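Just so you know, these numbers come straight off a predicted model, no measurement behind them. To find a chain, count down the sequence lines: A is the first, B the second, and so on, and within it residues start at 1.
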Amino acid sequence: MDKKQVADILSEIGTLLEVKGENPFKCRAYHAGARIVTSLTQDLSVLVTSGEIRNIKGIGDALSEKITELVTTGKLEYYEKLKSSVPPGVLQMLSIGGIGPAKVRVLSTTLKIATLDELEKACKEGKIRSVEGFGKKTEENILAGLSALKTYSARHLISSAEPVAKTMAAFVAKLKGVSRVEIAGSLRRRAETIGDIDILAVAKESEAAAVMQSFTSHPDVERITAHGATKSSVILLSGISCDLRIVNELEFPFALNYFTGSKEHNVRLRSLAREAGYSLNEYGFSKIESQEKRGASKQAFRCKDEEDIYRMLGLAYVPPELREDCGEFEKAQEKKLPQLVTEQDIKGTFHCHTTHSDGAHSLSEMANAARTLGWQYLGIADHSISASYANGMTEQRLKKQQKEIDLLNQNWSNFRILKGVEVDILADGSLDFSDDVLAGCDYVVASVHSSFKMTEQQMTERIVQAISNRNVTMLGHLSGRLLLQRESYPLNQEQVVDAAAKCGTIIEINAHPTRLELNWRMCRYAKEKGVRVAINPDAHTMNGLKDVRFGVGIARKGWLTRQDVLNSMTLKEVQQFLVRRKKERE
DNA sequence: GCCGTTTTCGGCCCGACTGTTTTCAGTCG
């Protein structure tokens, strides 16, 4: 059992104990244990075998025993017992916004509600409001939450779907007779959330049946929903559905294009083909008058890759991220698609947390990870004092951190840690650190972390007020909320971008996949207004640094080029830029 | 359940907000 699996179980134990009304500090100890296990840099099984696990801060006798049992036997009796005492539906209720462990406990004990369906029924019958501590409003909120849950539960964050997809694709690639495998669909388009995983493979016809058989009997498959000669669908243990389609070599480019989508892009592409006298489907081009059916031999002409398909229609190759029918066809016709920012263009980042606030890794660990990624700089922006839940720093602690950064920076000639901070934008638009302290930073990220339920106008004014502060360099993530299940806070994005243009503020694309606040439309508006963008992972861990790639995907949807993105500047350029910007505003 | 220059018990992060009830518990970040 690996770290992630162990951490997931510890965390679930914490949640189960919460629902059962256990001592909150005991619950927290399990959740903390899960975080600690996740952020371990050493091999968990080695720590267990040597007994070192017990010496890690936050892991005491009880947790080390449970971790040991999990790692050595793959099971935990305590967990199994605990889990069987709480119906699964009761845990699901926790995903409804505004419903926490205490409310769930009351509902399951007084009204004996054990499933989401029963909960919905009880709400509709007005039974919830009769329970002490509950009222009409709570009932309405639960119903709204249930409806949001239904909308979003069918979709998965790219961060959780991608590793699953890669595992399955790698498995298929190794099967006999398979010569080529690609992940298609919204995953290839790097959408923030995906509905299902689409895997496309080229296989010998004689081996296709065996490939399908192996695919549907993979150990991660929970249920088979379709099993055919060219297409099979399964539901994986992770709850994500996964399709495998097999085509031949000649069909592959067409199938890849078709299954990558988006639907809107495909419709437009097919209509362009039609104008040219061809019908386009997942198997190839065919002459309209003949209306040939499927079959490689019926292809009007061959295309060796997707580029050929676009070329046939007089278009430049459109990268998957841009396939939304949002202007890419016009640009592709004029051969004026922008040179988009790529992962390789990233020279560093600006919004990372460390153990100085709520990060999981130390300054030097983060810096080393950034160096391994080949970056020239790493911007550290730990939380300020108001973010007390995130161990926000006092002004004194920030100064101490800056001294530590100075010391570390002596180690390198071709790499720099930049001194930033993430200050809170308070409800009145003021910042929670003094101007003196902020002026001492290389740059300042300002973010909203509280009072989310303002009106759109109030929230917009609050943020505009904050970015007018001459010390603010960058506007941090524009929502502290999860992408799934929750609404972003109300905001007039155009007004904020307009204000940023006036103040010279950089807009952060928060690349952490659960906090995708700036959608690509806003990216695009920022570009129109000449507002510079920074792609930031909001990374709390070394692994999180890699999340910058999600931001790259979103940036590409916003048609951003290297020139628009702060992270693509070299260290020297960034330093000059930050100094120049400070002078301009003083 | 974990921790300890306040060390074997007592404290563990906290402020804002909401919905409830009318002073507070629960939720969230």
### Message
Without decimals, in angstroms, what is the distance between A/His383 NE2 and B/dG29 P?
### Response
13 Å
### Task
Classify the angle between the aromatic ring planes of A/Tyr30 and A/Tyr78 as parallel (below 30°), tilted (30 to 60°) or perpendicular (above 60°).
parallel
### Query
Do A/Lys136 and A/Glu140 meet the salt-bridge criterion of a basic N to acidic O distance under 4.0 Å?
yes
### Task
Counting Watson-Crick and G-U wobble pairs only, both distances under 3.5 Å, name the nucleotide matched with B/dT8, or none.
none
### Task
To the nearest Å, give me how far apart NE2 (A/His31) and C1' (B/dC12) are.
15 Å
### Query
Which residues in residues 50-72 of chain A have at least one heavy atom lying under 4.0 Å from any atom of DNA chain B?
A/Ile56, A/Lys57, A/Gly58, A/Ile59, A/Gly60, A/Asp61, A/Ala62, A/Leu63, A/Lys66
### Task
Could you measure between the two C1' atoms, the one in B/dT18 and the one in B/dC9, and give it in whole Å?
36 Å
### Message
For A/Lys103, give me all partners under side-chain contact (heavy atoms from CB on, under 4.5 Å), at least two apart in sequence or on another chain.
### Response
A/Ile99, A/Phe134, A/Thr138
### Rounded P spacing from B/dT23 to B/dC12 in Å
27 Å
### Message
If I pick the P atom on B/dT21 and the same atom on B/dG10, what distance separates them, to the nearest angstrom?
### Response
36 Å
### Query
Mind checking the P distance from B/dG11 to B/dT6? Whole angstroms is fine.
15 Å
### Query
In whole Å, what is the span from the CG atom of A/Leu10 to the P atom of B/dC2?
10 Å
### Task
Find the distance A/Leu426:CG to B/dG29:P and express it as a whole number of Å.
18 Å
### Query
Reading nucleotides 19-26 of chain B from the 5' end, what letters show protein touch, with B for base, S for backbone sugar-phosphate only, - for no heavy atom under 4.0 Å?
SS-----S
### Integer angstrom distance from the C1' of B/dT8 to that of B/dT22
43 Å
